[in-house]
Number of protein chains: 2
Amino acid sequence: MTSLSIAEAAERTGLTAHTLRYYERDGLLLGEVHRASSGHRRYTDADLRWIEMVTRLRATGMPIRDVRRYAALVRDGDGNEADRLALLLAHRELVERQLAEVTSHLRAIDYKIALYENTLDKSA
Amino acid sequence: MTSLSIAEAAERTGLTAHTLRYYERDGLLLGEVHRASSGHRRYTDADLRWIEMVTRLRATGMPIRDVRRYAALVRDGDGNEADRLALLLAHRELVERQLAEVTSHLRAIDYKIALYENTLDKSA
DNA sequence: GTGCGACCTGGAGTGCACTCCAAGTCAAGG
DNA sequence: CCTTGACTTGGAGTGCACTCCAGGTCGCAC
């Protein structure tokens, strides 16, 4: 169980140190990150794994507020798995709808691109 | 060529009247929307088609700033098709990367979902 | 024991994309 | 004429997610 400084954790997770502190302050983590005697944060593997999950949720567009809610459920421990599942399922639904929407808009943009490529071919 | 009030245009485009005014003010449209003698905006079919394109660009994550740049190119007329194409191609590239990223994060979340479904199955 | 670099905190600031407000205009209905 | 409702404007306000700052602490190297 290695334990990393905030700078190292930032590098591992792809977040900034600022963001790591912000997530902790805002209740997105499972608790306070352990501190060294100096008061500096020390991130465990478990911390990093959780932060990776948070990153996945954020990268798929889940608002901070909902990540916080999910974190609260996990923090509360066993017994609310159904709630966690419901939250994740709702999120997946949303993401899939968004993926479909973006894909369809992208196709329309592709069509436009093809038009421009045609125009430029002819004029060349 | 019908011509619609801002409320009607809002309904057709799925944007709010506020947003339509904001887009116009911010240079995302191809020019000032025509006004009735009362000073009220009157949207033409061409306006709506352009707004639809803006909506597609926005819905795929293009920042306002870039939509404005694209609008400026179109407004400037013939001769810069290569620039427009480059802008759209760059955008497509970005969107595709994002789609891939979101999809891969979603798969990881799906895995988590499967774990919860398992847990709940067993305990049921 | 002084300087340095990495870190700490509470709180303020930033950028983006809207979103809303106050005060006013206009055309139509009663 | 007066009211009503849909609109106009410039500008202020909001929500989100960071991002940064000032002032301070800690432990190590010189």
Side-chain angles (χ1 to χ4, degrees), chain A residues 2-29 31-44 47 51 53-71 91 94-95 98 101-102 105, chain B residues 2-29 31-44 47 51 53-71 91 94-95 98 101-102 105:
Chain A
T2 47
S3 118
L4 305 179
S5 72
I6 194 167
E8 291 163 333
E11 200 188 0
R12 290 283 190 296
T13 59
L15 302 174
T16 68
H18 285 311
T19 302
L20 286 172
R21 291 194 203 95
Y22 163 64
Y23 280 1
E24 185 178 344
R25 243 195 306 189
D26 243 46
L28 270 61
L29 304 191
E32 294 235 318
V33 174
H34 176 250
R35 308 298 156 110
S37 64
S38 61
H40 291 195
R41 288 170 178 81
R42 290 291 171 257
Y43 291 84
T44 65
D47 288 330
I51 291 166
M53 181 65 184
V54 170
T55 299
R56 291 192 190 293
L57 295 175
R58 291 287 306 119
T60 49
M62 183 182 285
I64 292 286
R65 172 177 5 103
D66 294 358
V67 177
R68 181 164 42 230
R69 194 154 45 225
Y70 182 62
H91 180 58
L94 213 78
V95 175
Q98 276 163 195
E101 198 197 308
V102 169
H105 283 311
Chain B
T2 46
S3 117
L4 307 178
S5 73
I6 194 165
E8 292 163 332
E11 202 189 359
R12 291 282 191 299
T13 60
L15 303 174
T16 68
H18 285 311
T19 302
L20 286 172
R21 289 195 203 94
Y22 163 63
Y23 280 2
E24 184 178 343
R25 242 196 305 191
D26 243 46
L28 270 60
L29 305 191
E32 294 234 318
V33 173
H34 175 249
R35 307 301 155 107
S37 63
S38 61
H40 291 196
R41 288 172 178 78
R42 289 293 170 255
Y43 291 84
T44 64
D47 288 331
I51 291 165
M53 179 67 184
V54 169
T55 299
R56 290 192 190 294
L57 295 174
R58 291 289 306 121
T60 50
M62 184 183 286
I64 293 286
R65 175 177 2 104
D66 294 358
V67 178
R68 181 163 43 230
R69 195 154 42 224
Y70 182 62
H91 180 58
L94 213 78
V95 175
Q98 276 162 196
E101 198 196 308
V102 169
H105 283 311

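Order of the sequence lines sets the chain letters (A, B, ...), proteins ahead of strands, with each chain counted from 1.
Residues A:Ser3 and A:His34 have side chains that never bring a donor and an acceptor to within less than 3.5 angstrom of each other.
Looking at which nucleotide of DNA chain D each of A:Thr16 and A:His40 is closest to, the 5′-most match is held by A:Thr16. Each of B:Gly61 and A:Ala7 was matched to the nucleotide of DNA chain C holding its nearest heavy atom; the match closer to the 5' end belongs to A:Ala7. Nearest-nucleotide positions on DNA chain C for B:Met62 and B:Arg21 put B:Met62 closer to the 5' end.
As judged by a 4.0 angstrom heavy-atom cut-off over every strand, A:Ala36 is placed among residues making no nucleic acid contact.
The outermost nucleotides of DNA chain D lying under 4.0 Å from heavy atoms of chain B, listed 5' to 3', are D:dA6 to D:dG11.
Two residues are said to be in side-chain contact when any heavy atoms from C-beta on lie closer than 4.5 Å; A:His40 and A:Arg35 fail this criterion. Looking only at side-chain heavy atoms (C-beta outward), B:Thr60 and A:Glu101 stay at 4.5 Å or farther from each other. Annotation: side chain of B:His91 is in contact with side chain of B:Leu57 (closest heavy-atom distance under 4.5 Å). Using a 4.5 Å cut-off on side-chain heavy atoms (C-beta onward), A:Leu28 and A:Tyr70 make no contact. In this structure the side chain of B:Tyr43 reaches within 4.5 angstrom of the side chain of B:Ile51, judged on heavy atoms.
Between A:Arg42 and C:dA6 there is no side-chain N or O to OP1 or OP2 distance below 4.0 Å. Regarding contacts with the backbone of C:dT25, every side-chain N or O of B:Ser37 stays at 4.0 angstrom or more from both OP1 and OP2.
Rounded to whole angstrom, the span from the OH atom of A:Tyr22 across to the C1' atom of C:dG10 amounts to 15 Å. Between the CZ atom of B:Arg35 and the P atom of C:dC26 there is a distance of 14 Å, given to the nearest Å. A straight line from CZ of A:Arg25 to C1' of C:dC8 spans 11 Å, rounded to a whole angstrom.
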